[in-house]
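Just below is one structure, and these are the notes that go with it.
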Amino acid sequence: MPELPEVETVIRGLRKTILKKTIKSIYLNAPPSSIVLSDSFKIKDFKRLLKEKKILAINRRGKNILITLTDNLTLWVHLKMTGHFFYDHNPKPVNKHDLVIFHLSGSSGEKTDSHLHFNDYRRFGRLRLFPQEELWEQAGLKKLGPEPLEIYVSDFIARCKSSHRMIKPALLDQSFLAGLGNIYTDESLYFAHIHPQKLSSSISKKKLTNLHYHIQRLLKLAIKNMGTSVDSFSGVNGKPGRFQKYLKAYHHEGNPCYFCGHKIVKIKVGSRSAHFCPRCQRL
DNA sequence: TGATGTGTTCTGCT
DNA sequence: AAGCAGAACACATC
């Protein structure tokens, strides 16, 4: 499940491989309407408009990938749960779940062509093309909360204090904070010793300061380790991440707590799974 | 054969 | 208005 560190790993991989290259053609597999359709352009425009566009920049906002192209266009990508990119110089056989394949020509000095595959067996992932001026509103960037790695601890505390809801659903809400998913919320709350169902406004400043610290520490450590591969996640080079070996709570139900030895439990919080230690994380 | 999990959006309720 | 629950999406994995 790509969350902030996984998406960051992907954009770094894309920068290494496709930045400054030109899109020669697009191959669309299966019925692509829901995957590439946008309010701005019809399906047939997707192929036509991407042709001969150069890739100028690749950025991340929350879990959103933004690929800036020539002619004032931005390709917005959301991996959702199982979407991933795979880059290769040699044309690979088309996988059943390769939904979009970009044929790229080398940047100056490089004469070999290459291919970028967008693969998603669950087909939740989305790729959409927007004119620059529509991006903010149409791609939902307007609604996103602050970046977890950029928010100041004082702003983070203020946000938590003014929200009357359980901390776990708050952290998962992309308009509250943009980039955390189930793995990093569970891990952050575990290290900060905060119960996932604790009302966010009722958590002490000291604990929130600690939570802010662990969110940033874990995200940075996960980025350094190329993300977490628990399902199908892998980088643009096909390599899985290494952060799963650091996980202490997520998918650790039944195992002894790293801090106190009590059994890690798994419950439902707001219809999502939550893993925590009932002794270290009290309500 | 059926339940589960996963991110996000939507609808409808309090 | 704010927050919550549940459904929907799609499908590999158990």
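Numbers restart at 1 for each chain; the letters A, B, ... are given by sequence-line order, proteins then strands. Everything quoted here is computed from the prediction, not taken from an experiment.
Rounded to whole Å, the distance from CZ on A/R128 to P on B/dT9 is 10 Å. Between the C1' atom of C/dG3 and the CD1 atom of A/I167 lies a distance of 15 Å, rounded to the nearest Å. Residue A/L180 contributes atom CG, which lies 15 Å from atom C1' of B/dT6 at whole-angstrom precision. Rounded to a whole Å, the CZ atom of A/R61 is 16 Å from the C1' atom of B/dT8. Protein atom CD of A/Q174 is 16 Å distant from nucleotide atom C1' of B/dC10, rounded to whole Å. The interatomic distance linking A/R159 (CZ) with C/dA2 (P) rounds to 12 Å, in whole Å. The separation between A/R126 atom CZ and C/dA8 atom C1' is 12 Å, rounded to whole Å. Here the C1' atom of nucleotide B/dT6 and the CG atom of A/D186 are 13 Å apart, to the nearest Å.
Between A/K53 and A/D71 there is a salt bridge, with a side-chain nitrogen of the basic residue lying less than 4.0 Å from a carboxylate oxygen of the acidic one. Salt bridge present: A/D173 and A/R165 bring a charged side-chain N and a carboxylate O closer than 4.0 Å. A salt bridge links A/R61 and A/E147; the closest N-O separation between the charged side-chain nitrogens and carboxylate oxygens is under 4.0 Å.
A cation-pi contact, defined as under 6.0 Å to the ring centre and within 45° of the axis, is absent between A/K248 and A/Y190.
The A/M166 side chain lies nearest to C/dC4 when the options are C/dC4, B/dT8, C/dA12. Of the candidates C/dA12, B/dT6, C/dA10, C/dA10 carries the atom nearest the A/F124 side chain, counting heavy atoms from C-beta on. With C/dG3, B/dT6, B/dT8 as the candidates, the nucleotide lying closest to the side chain of A/Y250 is B/dT6. Nearest to the side-chain atoms of A/S273 among the listed nucleotides C/dC11, B/dT6, C/dG3 stands B/dT6. Closest to the side chain of A/R123, from the set C/dC11, C/dA12, B/dT6, is C/dC11. Distance from the side chain of A/M81 is smallest to C/dA10 among C/dG3, C/dA12, C/dA10. Side-chain proximity of A/H164 to the nucleotides B/dT8, C/dC11, C/dG3 is greatest for C/dG3.
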Can you check nucleotides 12-14 of chain B for protein contacts, nitrogen or oxygen pairs under 3.5 Å, and list what you find?
none

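By the criterion of side-chain heavy atoms lying less than 4.5 angstrom apart, applied directly or through intervening Ile, Leu, Val, Met, Phe, Trp or Tyr residues, A/L49 is grouped together with A/L28 in one hydrophobic cluster.
The phosphate of B/dT8 has OP1 or OP2 within less than 4.0 Å of a side-chain N or O from A/K63. A/H97 has no side-chain polar atom (N or O) that falls below the 4.0 Å cut-off from OP1 or OP2 of C/dC11. Checking the phosphate oxygens (OP1, OP2) of B/dT8, a side-chain nitrogen or oxygen of A/H78 falls inside 4.0 Å. A/R165 has a side-chain polar atom (N or O) that falls below the 4.0 Å cut-off from OP1 or OP2 of C/dC4.
A donor-acceptor pair under 3.5 Å links the side-chain atoms of A/T70 to the main chain of A/K54, judged by distance alone.
Less than 6.0 angstrom separates the ring centroid of A/F259 from the ring centroid of A/H193.
At the heavy-atom level, A/D120 lies nowhere under 4.0 Å from the strands shown.
Taking a 6.0 Å sphere around CD of A/E137, one finds it holds 12 or fewer heavy atoms contributed by other residues, nucleotides or ligands.
Of the two residues contacting DNA chain B, namely A/P2 and A/K143, the nearest-nucleotide position lying further toward the 5' end is that of A/P2.
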